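Values in this document were obtained by computation on a predicted structure and should not be read as measured data.
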Amino acid sequence: MRRIRAAAIGAVTLSLALAASACGGGSSTDGGGSNDSPKTLTYWASNQGASITVDKKVLKPELDKFEKQTGIRVKLEVIPWSELLNRILTATTSGQGPDVLNIGNTWSASLQASGALLPWDTKHFGSIGGKDRFVDSALGSTGAQGEDPAAVPLYSMAYALYYNKKMFADAGISKPPATWDELVADGKKLSKDGKWGLGAEGANLSENIHQVFVFAKQHGADFFTADGKPDFTSEGAVTAIKQYVDLMAKDKIIAPGNAEYAQNQSLSDFAKGKTAMVLWQTASATLASLGMKDDEWGVAPAPVRSGTPGSGTSVNSMVAGINLAVFKNTDNHDGALKFVKFMTSDAEQKILNKAYGSIPPVKAAQSDPAFNTKATAALRETLAKSAAALPQVADESQFETSVGTAVKELLADAAGGRPVTTESVKAKLEKAQQQMPAK
């Protein structure tokens, strides 16, 4: 999910959404909903840029272009990540939502289970040019395996390590760290005189999940069993979360104030030279908008425990991205399909992904030279070789809420000088697991 992001997911649970049934009135279609309002669409876009204002500047010209081509006016609302999932879940239960919306790709299976989203079967994919236009890794995060996808890939992303070249040179560091031991060692050299080695978004629940998911994979752990049951307290999961929180609690390379960050403040600190490194999804466009010049920063694969990134325990990113979904009860079914076709066209994929510094999930658009720069080469390599999809299970969004909150509380303990022990980590995770829906 990422661009990553001010995602502090609230307490609305998926169990509410699972009780929803999508309904549509008027002139029905084969996919549900109606065509009662053929001249307008409502679109909920996620906050991808440095601000909502930036997103509107990116999207408005493209939506105007769509209106000129089709005669359909798009009512745009850009929603902060801190509100987006709750807004979507409320819409699935009330039936009062947009026609088309952005969803974090990690939520695909959870929202699919609500029954509120239009399934992307062969016919619907055919209306936008076919499923084979999209790369496999992006399609892998569009819903539960064996079911028609709940959404279509729009932006693809991966985590990388962004570092400040001058701060590294001043500290006598000649290259970016490739392992966590190297990152901690470098971070300690950089954490002085009011500046810090690494930034974090400690109050951002989804960001917490993205980070600890990768740490867990590197320790050979998953947060769900093969049959989809929560498994939050395994030795690998506990070790992974403690290692992440210890970057603040023990290693002291993350500023205590980062425990309260949830609105991309760590990226702003990085752009201002207050922090030397950040682990981020496709940061280049946002860094430019924050006034940082391209030659001031470098990018490298996110660290692993030892060796180099790859599959298995050398996973160094989740498969991040944004998907485009249609509510079943849309009152402009045909217009919604036209809009998805427009947004995933080769031309628009190049425009939008260039603007956000992300990677097009549409194969043909990736040939553009803009996606072979230093900013995107590491991301493409990561997506191809060393990224893993978060569990595509119905309870994934509740997992983000419960475990993400546990990590947030542990970081708050670290910031407050309270001890973070293996026992305290396990206790938080036991509580988080108890909050999951009963099977």
Side-chain angles (χ1 to χ4, degrees), residues 1-2 9 13-22 30-33 44 46 84-85 88-89 91-93 97-157 206 209-210 213 222-230 318-330 333 336-337 339-341 343-344 361-362 383 387-401 437:
M1 252 183 306
R2 161 277 263 170
I9 298 173
T13 68
L14 190 63
S15 58
L16 293 174
L18 291 173
S21 59
D30 61 354
W44 285 0
S46 53
L84 185 58
L85 183 59
I88 295 170
L89 293 178
T92 64
T93 57
D99 299 286
V100 186
L101 69 157
N102 286 177
I103 63 173
N105 66 354
T106 63
W107 305 338
S108 295
S110 297
L111 296 174
Q112 181 182 49
S114 75
L117 301 182
L118 180 77
W120 284 86
D121 56 19
T122 301
K123 181 176 181 180
H124 287 133
F125 262 112
S127 72
I128 64 170
K131 195 173 185 178
D132 60 358
R133 295 181 59 238
F134 299 88
V135 299
D136 290 341
S137 62
L139 289 171
S141 294
T142 54
Q145 188 173 3
E147 298 185 31
D148 289 327
V152 174
L154 181 65
Y155 312 127
S156 287
M157 307 160 200
S206 285
I209 287 296
H210 298 169
F213 169 77
D222 283 300
F223 287 98
F224 289 86
T225 63
D227 58 355
K229 294 179 181 177
M318 43 83 73
V319 176
I322 303 300
N323 292 342
L324 202 57
V326 174
F327 263 104
K328 262 188 182 178
N329 67 349
T330 173
H333 173 275
L337 294 182
F339 183 68
V340 174
K341 183 177 182 179
M343 294 288 279
T344 59
V362 171
L383 284 169
L390 265 83
Q392 290 291 304
V393 296
D395 294 334
E396 199 283 333
S397 63
Q398 182 60 21
F399 156 63
E400 291 196 24
T401 300

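Between Arg133 and Thr344, some side-chain heavy-atom pair lies under the 4.5 Å cut-off. The shortest side-chain heavy-atom distance between Leu324 and Asn102 falls under the 4.5 Å cut-off. Side chains of Leu111 and Leu89 form a contact here, defined as non-hydrogen atoms less than 4.5 Å apart. In this structure, the side chains of Trp107 and Ile88 come closer than 4.5 Å at one or more pairs of heavy atoms.
The side-chain contact (heavy atoms from CB on, under 4.5 Å) test applied to Lys131 returns Phe125, Leu139, Pro149, not counting sequence neighbours. Under the ring-ring contact (aromatic ring centres under 6.0 Å, His included) criterion, Phe399 pairs with Phe223, Phe224, Phe232, sequence neighbours left out. Residues passing the side-chain contact (heavy atoms from CB on, under 4.5 Å) test with Gln392 are Ser108, Ala109, Ser141, sequence neighbours excluded. For Asp136, the side chain to side chain donor-acceptor pair (under 3.5 Å) test picks out no residue, with sequence neighbours left out. Take Ala138 and apply the side-chain contact (heavy atoms from CB on, under 4.5 Å) test, not counting sequence neighbours, and it matches Val135, Pro153, Ser156, Pro361. A search for side-chain contact (heavy atoms from CB on, under 4.5 Å) contacts involving Asp132 returns nothing, not counting sequence neighbours.
When all heavy atoms of Ser397 and Leu85 are compared, the pair lying nearest together is CB-CD2, 3.9 Å. Heavy-atom minimum distance, Phe213 versus Pro391: CE1-CD, 4.1 Å. In plain terms, the two heavy atoms of Pro119 and Lys328 that are nearest each other are CD-CE, 3.7 Å. Looking at every heavy atom in both residues, Thr106 comes nearest to Glu396 through O-OE1, 2.8 Å. Across Ser110 and Val393, no two heavy atoms sit closer than the pair OG-O, 3.4 Å. Scanning all heavy atoms of the two residues, the minimum distance from Ala150 to Gln112 falls at CB-CB, 3.6 Å.
Atom CE of Met318 is separated from atom CG of Asn105 by 5.5 Å, given to the nearest 0.5 angstrom. For the atom pair Leu84 CG and Ile103 CD1, the distance stands at 9.0 Å (nearest 0.5 Å). In this structure, Thr330 OG1 and Leu117 CG are separated by 12.0 Å, a value rounded to the nearest 0.5 Å.
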message: Determine whether Val362 and Phe134 satisfy the following criterion, side chain to side chain contact (heavy atoms under 4.5 Å, CB included), listing intermediate values before the conclusion.
response: CA-CA 5 Å; Val362 171; Phe134 299 88; 3.7 Å; yes
- prompt: His124 and Val340: side chain to side chain contact (heavy atoms under 4.5 Å, CB included), yes or no, with the steps?
  reply: CA-CA 10 Å; His124 287 133; Val340 174; over 6 Å; no
query: Run the side chain to side chain contact (heavy atoms under 4.5 Å, CB included) check on Val319 and Leu383 step by step: do they pass?
result: CA-CA 7 Å; Val319 176; Leu383 284 169; 4.3 Å; yes
field: Stepwise side chain to side chain contact (heavy atoms under 4.5 Å, CB included) test for Leu118 and Leu337
entry: CA-CA 10 Å; Leu118 180 77; Leu337 294 182; 3.9 Å; yes
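A side-chain N or O of Glu400 and one of Ser206 form a donor-acceptor pair less than 3.5 Å apart.
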